[in-house]
Amino acid sequence: MPETLTLYTAKVCPYAQRAEIALAEAKVPFTRYEIDLQNKPEWYAPKVNPASKVPAIAYGGPQVPPDQPSPESTKLAESLVLVEFIADLYPNANLLPADPVLRAKARFFIDGVSTKLVPAWHNFLQGKGSVEDLYKAVEYLQEQLPAEGGFAVGQYSIADIAITPFLARARVGLINELGAYPEGEGKKVWEALSSGQGRLARFGKYVTDLLNRDSFKATFDEAYITERQKARYANARAQQ
């Protein structure tokens, strides 16, 4: 009998969606429990994740209600750790390449997502960085993509899972002009990132492939994310 697995997650969180995509790719049963990040349950930090963040997983132990996690289950956290855990746990999903070189390339790509793309995107969104800085971060990742097509290392892998939630939320923000950049700039930037033309043509094709993936579509509630981003942007402007 397979071990029990409960995922503690939140639809709004890109890091949590990483774990959800990995589990969707694995096509295995699990229990999903939504955590309200604005009103976290009192039991969550002491019984699941001391950092009080999502995602987190309770693995193994008896079958219990998610809000009564068993001390016998193993608690794990941090999105990239969980993605690799899921890849190891369900090798038939093929999320980790068998070739050690491709595994290293996947992890190197993820490092670029974490250290270059995500900071550049947040800075642009907040009006603290230029669009050129964002494009340079994208070009850094584009240079690592296989020229002939496919995903980050050819086959779909942990590298693609790491970037997809951030691109999806960037799309929502840019097409709705939700950021501290000049009005009208958002749609232009998304066109540059996704059109498959110009200096970012290869990356644009990659974006299309990622957002067409079934595992992404099954784990992304665009209407909900759009509503939350609009509310957050409105609150930020009201406080200025």
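Just so you know, these numbers use all the heavy atoms, side chains as well, and skip hydrogens, waters and symmetry mates. Sequential numbering from 1 along the given sequence is applied to the chain's residues.
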Where do Gln17 and Phe166 land on the side chain to side chain contact (heavy atoms under 4.5 Å, CB included) test, with the steps shown first? CA-CA 9 Å; Gln17 193 188 4; Phe166 293 94; over 6 Å; no
Between Ile86 and Phe30, does a side chain to side chain contact (heavy atoms under 4.5 Å, CB included) hold up when you go through it step by step? CA-CA 12 Å; Ile86 293 164; Phe30 69 97; over 6 Å; no
Evaluate the side chain to side chain contact (heavy atoms under 4.5 Å, CB included) criterion for residues Arg232 and Leu178: first the C-alpha distance (whole Å), next the side-chain angles of each, then the deciding distance (0.1 Å), finally the verdict. CA-CA 9 Å; Arg232 182 176 179 181; Leu178 304 175; over 6 Å; no
Just list the side-chain donor-acceptor pairs under 3.5 Å for residues 8-16, sequence neighbours left out, or say none.
| from | atom 1 | to | atom 2 | distance (Å) |
| --- | --- | --- | --- | --- |
| Tyr8 | OH | Pro66 | O | 2.6 |
| Thr9 | OG1 | Glu20 | OE2 | 2.7 |
| Lys11 | NZ | Asp221 | OD2 | 3.2 |

Using atom types as modelled, flag every donor-acceptor pair under 3.5 Å from a side chain in residues 104-115 to any protein atom, sequence neighbours excluded.
| from | atom 1 | to | atom 2 | distance (Å) |
| --- | --- | --- | --- | --- |
| Arg107 | NE | Glu84 | OE2 | 3.0 |
| Arg107 | NH2 | Glu84 | OE1 | 2.9 |
| Ser114 | OG | Ile110 | O | 3.2 |
| Thr115 | OG1 | Asp111 | O | 2.7 |

Donor-acceptor pairs under 3.5 angstrom involving side-chain atoms of residues 139-146: please list them, not counting sequence neighbours.
| from | atom 1 | to | atom 2 | distance (Å) |
| --- | --- | --- | --- | --- |
| Glu139 | OE1 | Arg199 | NH2 | 3.0 |
| Glu139 | OE2 | Arg199 | NE | 3.0 |
| Glu139 | OE2 | Arg199 | NH2 | 3.3 |
| Gln142 | OE1 | Arg202 | N | 3.3 |
| Gln142 | OE1 | Phe203 | N | 2.9 |
| Gln142 | NE2 | Arg199 | O | 2.9 |
| Gln144 | NE2 | Tyr140 | O | 3.4 |

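The side-chain heavy atoms of Leu5 and Leu89, taken from C-beta on, include a pair separated by under 4.5 Å. For the pair Tyr206 and Asp160, the minimum side-chain heavy-atom distance is below 4.5 Å. For the pair Asn176/Gln229, no side-chain contact is recorded, criterion being any heavy-atom separation below 4.5 Å from C-beta on. The closest side-chain heavy-atom distance from Leu95 to Tyr156 is below 4.5 Å. Counting heavy atoms from C-beta outward, Thr6 and Val48 have side chains that stay 4.5 Å or more apart. Put simply, the side chain of Lys27 does not reach to within 4.5 Å of the side chain of Asn92, judged on heavy atoms. Taking the side chain as every heavy atom from C-beta outward, Leu82 and Tyr59 never approach each other to under 4.5 Å.
The backbone N or O of Gly60 lies less than 3.5 Å from a partner atom in the side chain of Thr4, making a donor-acceptor pair. The closest donor-acceptor contact from the side chain of Asn49 to the backbone of Val54 lies at 3.5 Å or more, if one exists at all. In this structure a side-chain-to-backbone donor-acceptor pair under 3.5 Å is missing from Glu72 to Pro62.
Cluster annotation: Ile161 and Leu102 are assigned to distinct hydrophobic clusters (Ile/Leu/Val/Met/Phe/Trp/Tyr, side-chain heavy-atom contacts under 4.5 Å, transitive). The cluster map of Ile, Leu, Val, Met, Phe, Trp and Tyr, joined by side-chain heavy atoms under 4.5 Å apart, puts Leu134 and Val207 in the same cluster. If you chain together hydrophobic residues whose side chains sit under 4.5 Å apart, Ile175 and Leu211 fall into the same group.
No more than 12 heavy atoms of other residues, nucleotides or ligands sit less than 6.0 Å from atom CD of Glu183. With a 6.0 Å radius and a threshold of 12 heavy atoms from other residues, nucleotides or ligands, Arg32 has its CZ atom above the threshold.
For the atom pair CZ of Phe85 and CG of Leu76, the computed distance is 5.5 Å after rounding to the nearest 0.5 Å. Taken from OG in Ser194 to CG in Leu167, the straight-line distance is 10.0 Å, to the nearest 0.5 Å. Atoms CD1 and NZ, from Ile35 and Lys40 in turn, are 9.0 Å apart once rounded to the nearest 0.5 Å. Rounding to the nearest 0.5 Å gives a distance of 10.0 Å between NZ of Lys53 and OH of Tyr44. From Glu42, atom CD reaches atom OG of Ser52 across 11.0 Å, with rounding to the nearest 0.5 Å. With rounding to the nearest 0.5 Å, the separation of CD1 in Ile21 from CZ in Phe216 is 7.0 Å.
Looking at every heavy atom in both residues, Leu174 comes nearest to Tyr181 through CA-OH, 3.6 Å. A pairwise comparison of heavy atoms in Leu200 and Ala192 identifies CB-O, 3.6 Å as the closest pair. In terms of heavy atoms, Asp133 sits closest to Ala120 at O-CB, 4.0 Å. Residue Tyr135 comes nearest to Val189 through the heavy atom pair OH-CA, 3.6 Å, listed as atom of the first residue, atom of the second, then distance.
The salt bridge (charged side-chain N to carboxylate O under 4.0 Å, His left out) check on Lys187 picks up Glu177, with sequence neighbours excluded.
Partner Lys47 forms a side-chain contact (heavy atoms from CB on, under 4.5 Å) with one of Pro71, Pro69, Pro41, Ser73 and no other, that one being Pro69. Considering Lys230, Arg171, Arg169 as possible partners of Ile225, the one that fulfils the side-chain contact (heavy atoms from CB on, under 4.5 Å) test is Arg169.
For the salt bridge (charged side-chain N to carboxylate O under 4.0 Å, His left out) condition, no pair includes a residue of residues 144-158, sequence neighbours left out. Applying the salt bridge (charged side-chain N to carboxylate O under 4.0 Å, His left out) definition to pairs two or more places apart or across chains, those involving residues 204-214 are Glu25-Arg213, Lys205-Asp209.
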